[in-house]
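As the structure is a prediction and not an experimental result, all values here were calculated from the model. In what follows, chains carry the letters A, B, and so on, assigned in the order in which the sequence lines appear, proteins first and then strands, with residues in each chain numbered from 1.
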2 protein chains.
Amino acid sequence: MRASDRAYQRLREEILDGLLAPRTVLAEVEQAARLGVSRTPVREAFGRLVADGLLAAQSGRGLVVTELSAGGVHELYELRTALEDQAARLAAQRRDPRVFEDLARRFAAAGDLVHLGEEGLHRYYELTDDLDAAIDEAVRNSYLADALRAARTHLVRIRRLARHDPGRLREAAAEHLLIVEAIAAGDAGLAAHATHVHLHKSKTHFVRLVERHLDETSNAPSATVATTGA
Amino acid sequence: MRASDRAYQRLREEILDGLLAPRTVLAEVEQAARLGVSRTPVREAFGRLVADGLLAAQSGRGLVVTELSAGGVHELYELRTALEDQAARLAAQRRDPRVFEDLARRFAAAGDLVHLGEEGLHRYYELTDDLDAAIDEAVRNSYLADALRAARTHLVRIRRLARHDPGRLREAAAEHLLIVEAIAAGDAGLAAHATHVHLHKSKTHFVRLVERHLDETSNAPSATVATTGA
DNA sequence: GAACGGGTCTGTGTATACATTCGCGCCGTC
DNA sequence: GACGGCGCGAATGTATACACAGACCCGTTC
């Protein structure tokens, strides 16, 4: 694998995991040294991360890890709703029913994950990732898939703020089950509307999370440069 | 301005204008020599063009200018509909009415452009570009705007195949006028539905264009390497 | 004659050296 | 004391040199 790919993947994961916190300033030489490669692959990785919206040019020199905000979550969901509603609609028209019948069984059983704590939440995310993949596969539209991938990238960052919440997990499982059943049944309209409803509830949940998170960290900015300096 | 930015812009324009035809193979050294810069900025430009979906990695070595196909137009419009419907809906909720009232006047007068031939078509594209910009401005959602920009990039390539068509231009002007009036009036539902209808008609029109274009060029592949070699 | 293997050669990937620009701090002046 | 200009320095932007890989060609063999 190419060094630039590894640099990109590594930095991307570190941003998504929060190891590189929002507002952290990244310099080429510094990261090149840390990752054990030269500036060239790091520059390429930076370029891709900027395109992903995970890094942004700082006023003046340097790149910063982009910030999460409640307003940003609203904006992200305005995009996500448009894309996922459409994807669900198209998936219902083009799916292999067996794939979604299988997913329906797994979502129906997902209530049990409630008892596994954080591990259960993690397992649930794997399940929703499988659903996303199944929808992409059914829709067979690379333009839509690319746009969805970009939107989901940012979702991962928000999702990371969540702790296990049995009530919300049970609700989400019921919402997802309805979506999957609608797709399996080939009911495009229901699939789209059920997706819309689910995303609305999901958004409400996450906006609350982000607001709480920003409150908690407002006096202790997440950027490492700022904290280590003080 | 940076050499890599100029390389990117130049190559992008050449692809969108069809100067670099689909299936054309691009090599770093070759383009570096042609553009009068070193490989480094060319590599960066290539990376951005791949992210834009205008270049794709060829099997083996080299990058190729991506192809247009009727199926691709369908896929593109599945994405575009999702994004533009949502954008129109949100614009109707957030617009400054004066901006769209002004646009409505311009679209109402656009019928006159029919008499200007190709120049009229060009002028009409400028008008729709202004509408796109006004919608982005009203929506104020960077995620959505980025996704729309990506989709519109590909649209430009398809649009290039069009010749002046008085009938279609008059129809399009009427459809656009309805959209703009709905946004000006703050009627989000109508704005979204009018956009959907317009895009459906637009898609039908362009699919026909692309099919005809592919027919015409099927025996004379557009890639320069193929034609000069034969 | 076709298929497989080795060698060459071109093109990409990475490192590094060089150029350039812009930020930051210091000093001077008002 | 504050503001502005100047200079230094560090970080980015570009060029180039080097390493490596894989694609193509040719020869050989079956």
May I have the distance from B:Asp5 (atom CG) to D:dT14 (atom C1'), rounded to whole angstrom? 13 Å

Residues B:Glu14 and B:Arg10 bridged, charged N to O under 4.0 Å: yes

Do B:Arg159 and B:Asp129 meet the salt-bridge criterion of a basic N to acidic O distance under 4.0 Å? yes

What I want to find out is whether B:Asp215 reaches B:Arg212 closely enough, with some N-O distance under 4.0 Å, to be called a salt bridge. no

Indicate the atoms forming the closest heavy-atom contact of A:Leu83 with A:Ala151, along with that distance. CD1-CB, 4.3 Å

Nearest-angstrom distance from the residue atom CD of A:Glu44 to C1' of C:dT14: 10 Å

Within this structure, what is the CZ-to-C1' distance between B:Phe46 and C:dT12, rounded to whole angstrom? 11 Å

Distance in angstrom units between A:Met1 CE and C:dG13 P, rounded: 13 Å

What pairs with B:Asp165 under salt bridge (Lys or Arg N to Asp or Glu O under 4.0 Å), at least two apart in sequence or on another chain? none

Applying side chain to side chain donor-acceptor pair (under 3.5 Å), name anything that partners B:Arg80, two or more places apart in sequence or on another chain. B:Tyr77, B:Glu84

For C:dG13 and A:Ser4 - does any side-chain N or O of the residue sit under 4.0 Å from the phosphate oxygens OP1/OP2? no

Whole-Å distance between C:dT14 P and A:Arg2 CZ? 6 Å

If you check the B:Pro41 side chain, which of D:dA15, C:dG13, D:dA11 turns out closest? D:dA15

Using a cut-off of 4.0 Å between protein heavy atoms and nucleotide atoms, how would you tag nucleotides 16-26 of chain C 5' to 3' with B, S and -? BB---BBS---

Could you state the CD-P distance from A:Gln58 to D:dT12, rounded to the nearest angstrom? 10 Å

Is the NZ or CZ atom of B:Arg48 positioned over B:Tyr8's six-membered ring, under 6.0 angstrom from the centre and within 45° of the axis? yes

Grab the CG-P distance between A:Leu35 and C:dT14 for me, whole Å please. 13 Å

B:Glu28 CD - D:dA15 C1' separation (whole Å): 14 Å

From the list C:dT12, C:dA15, D:dA15, which nucleotide is the closest neighbour of the side chain of A:Val37? C:dA15

